[in-house]
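Below is one structure, written out as structure tokens; comments come after it.
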Protein chains: 2
Amino acid sequence: MAEVPPPAPTGDELLKVLSALGNPHRLRIVAALVENRNYVSALAREIGMGRPLLHMHLQRLEAAGLVVGTLELSEDGKAMKYYEVAPFFYELTPPVIARAAATITENADRTDRTAKEEAK
Amino acid sequence: MAEVPPPAPTGDELLKVLSALGNPHRLRIVAALVENRNYVSALAREIGMGRPLLHMHLQRLEAAGLVVGTLELSEDGKAMKYYEVAPFFYELTPPVIARAAATITENADRTDRTAKEEAK
DNA sequence: ATCACCTGTCAAAGATTCCTGACACATGTC
DNA sequence: GACATGTGTCAGGAATCTTTGACAGGTGAT
């Protein structure tokens, strides 16, 4: 039952994780979800933040694989999207960064528009 | 000789480290310095980047405590600023983030102008 | 129907970060 | 003195990220 995945993330992956976590709001969001999973609207009220904004931050975190969202149907039929933190584990040390930096392929993120322009 | 400093960085500290590392250029800079210490101008040529820009990135990294710079005088009298990576070690896990997030005092960075405006 | 919840997306404005081309200063060499 | 190489800083524009206020659609209850 010993599971220790060798800390050797790719440059793009590490980059996505670091930039996702390098923001006070996102850090608080993760912290709030560690306490207990929650759905968007409730979380927004809990940490005093607009829904559209929180929604965007959650997407960034989810894209980095730090949280996972599940669309569930409450007993009264309402559709709620619950989010909870994913069990991640990253080690930040000079060697790890050195290895990761070697595998950076620029355009790591980009939402979509780039895809089309890329095809030109 | 066992030295395992309990991974419990403050929110502001962790935030500074994460945002500093959350940038492809900075990641490469650290990687380059892991191989061998170097002075600004040479490093700039090595990784193909303007000096002013590299200078700025190095400051960001140094402010986060990830690299340290030393102004040395080469034998021929030239003043060179050598940079090398600091032996850092951060663990990124939900619990660590939860604890760190509790100690965020906003205005963690800010260069100076904010200071005056703060006093208004 | 109207209200109270939930979800999601957009466009436009604001605030930051990133980057570049000068500029200033110092020392050793031709 | 004119070069070459080092250091550092500044202003201004380009590129990104952050934030807000609509808007659209869905279900259950009054």
Side-chain angles (χ1 to χ4, degrees), chain A residues 15-16 18-29 37-64 68-83 104 106-114 117, chain B residues 15-29 37-64 68-83 104 106-114 117-118:
Chain A
L15 209 44
K16 216 177 328 186
L18 292 173
S19 58
L21 253 29
N23 171 296
H25 283 324
R26 249 120 53 190
L27 227 44
R28 287 211 194 74
I29 292 174
R37 46 177 282 159
N38 209 336
Y39 60 95
V40 187
S41 289
L43 217 198
R45 283 188 294 263
E46 184 185 319
I47 61 183
M49 180 186 316
R51 259 67 55 61
L53 186 52
L54 174 59
H55 184 268
M56 183 271 251
H57 282 313
L58 284 173
Q59 294 220 109
R60 213 126 160 27
L61 289 171
E62 183 164 41
V68 289
T70 344
L71 188 57
E72 300 176 17
L73 290 179
S74 63
E75 300 185 354
D76 62 321
K78 299 274 184 63
M80 344 267 284
K81 185 141 192 181
Y82 275 84
Y83 275 96
I104 293 181
E106 54 271 346
N107 65 340
D109 47 313
R110 270 58 187 188
T111 43
D112 58 324
R113 60 181 182 294
T114 308
E117 298 173 20
Chain B
L15 209 43
K16 216 176 329 185
V17 171
L18 292 173
S19 57
L21 253 29
N23 172 296
H25 284 322
R26 248 119 55 188
L27 227 44
R28 286 211 195 75
I29 292 175
R37 45 176 286 164
N38 209 337
Y39 60 96
V40 188
S41 290
L43 217 198
R45 284 189 292 265
E46 184 185 321
I47 60 182
M49 181 186 315
R51 261 65 55 60
L53 185 53
L54 173 59
H55 184 269
M56 182 268 250
H57 283 313
L58 284 172
Q59 293 222 107
R60 212 125 160 31
L61 289 171
E62 183 164 42
V68 288
T70 345
L71 188 57
E72 299 176 19
L73 291 178
S74 63
E75 301 184 353
D76 62 320
K78 298 275 183 62
M80 343 267 283
K81 186 140 193 181
Y82 275 86
Y83 274 95
I104 292 181
E106 54 273 345
N107 66 336
D109 48 314
R110 270 57 188 185
T111 42
D112 57 328
R113 60 182 184 295
T114 308
E117 297 173 20
E118 213 87 291

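So you know, we letter chains A, B, ... as the sequences are listed, proteins then strands, and number each from 1.
One can place CZ of R28(A) at 14 Å from P of dT18(D), the figure rounded to the nearest angstrom. Distance K81(B) NZ to dT7(D) P: 10 Å, rounded to the nearest Å. If you measure from atom OH of Y39(B) to atom C1' of dG8(D), you get 16 Å, rounded to the nearest angstrom. We find that OH of Y82(A) is positioned 15 Å from P of dC5(C), with the value rounded to whole Å. Atom P of nucleotide dC17(D) and atom CG of L15(B) are separated by 16 Å, given to the nearest angstrom. Rounding to whole angstrom units, CD of residue Q59(A) and P of dT18(D) are separated by 13 Å. Rounded to an integer number of Å, the gap from CD of E75(A) to P of dC6(C) is 16 Å. At whole-Å resolution of the value, CG in L43(A) and P in dG8(C) are 13 Å apart.
Annotation for G69(B) and E62(B): closest pair N-OE2, 3.0 Å, computed over non-hydrogen atoms. Scanning all heavy atoms of the two residues, the minimum distance from R51(A) to A44(A) falls at CD-CB, 3.2 Å.
Looking at residues two or more places apart in sequence or on another chain, you find no ring pair (Phe, Tyr, Trp, His ring centres under 6.0 Å) involving Y83(B). Taking H57(B) as the reference, N23(B), H25(B), R26(B), I29(B), M49(B), L53(B) meet the side-chain contact (heavy atoms from CB on, under 4.5 Å) condition, with sequence neighbours excluded. Taking the side-chain contact (heavy atoms from CB on, under 4.5 Å) definition, one finds that A63(B) meets it with nothing, sequence neighbours left out.
Separation of atoms CG (L61(B)) and CE (M56(B)) is listed at 10.5 Å; rounding is to 0.5 Å.
L27(A) is listed as a side-chain neighbour of L18(B), based on a closest heavy-atom distance under 4.5 Å.
Phosphate contact (OP1/OP2 of dC6(C), side-chain N/O of R45(A), threshold under 4.0 Å): present. Checking the phosphate oxygens (OP1, OP2) of dT7(D), no side-chain nitrogen or oxygen of H55(B) falls inside 4.0 Å. At least one side-chain nitrogen or oxygen of S41(B) sits closer than 4.0 Å to the OP1 or OP2 atom of dT7(D).
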Pair L15(A)-L21(B), side-chain contact (heavy atoms from CB on, under 4.5 Å): steps then yes or no: CA-CA 8 Å; L15(A) 209 44; L21(B) 253 29; over 6 Å; no

Please list each protein N or O that sits under 3.5 Å from an N or O in nucleotides 25-30 of chain C, with the distance.
none

Set out, line by line, the N/O atom pairs under 3.5 Å between protein and nucleotides 19-22 of chain C.
residue	atom	partner	partner atom	Å
dC19(C)	OP1	H25(B)	NE2	3.0
dC19(C)	OP2	H57(B)	NE2	3.0

Side-chain donor-acceptor distances from residues 71-82 of chain B under 3.5 Å, at least two apart:
residue	atom	partner	partner atom	Å
E72(B)	OE1	R37(B)	NH2	3.4
E72(B)	OE2	R37(B)	NH2	2.6
S74(B)	OG	D76(B)	OD1	2.4
S74(B)	OG	K78(B)	N	3.2
S74(B)	OG	K78(B)	O	3.2

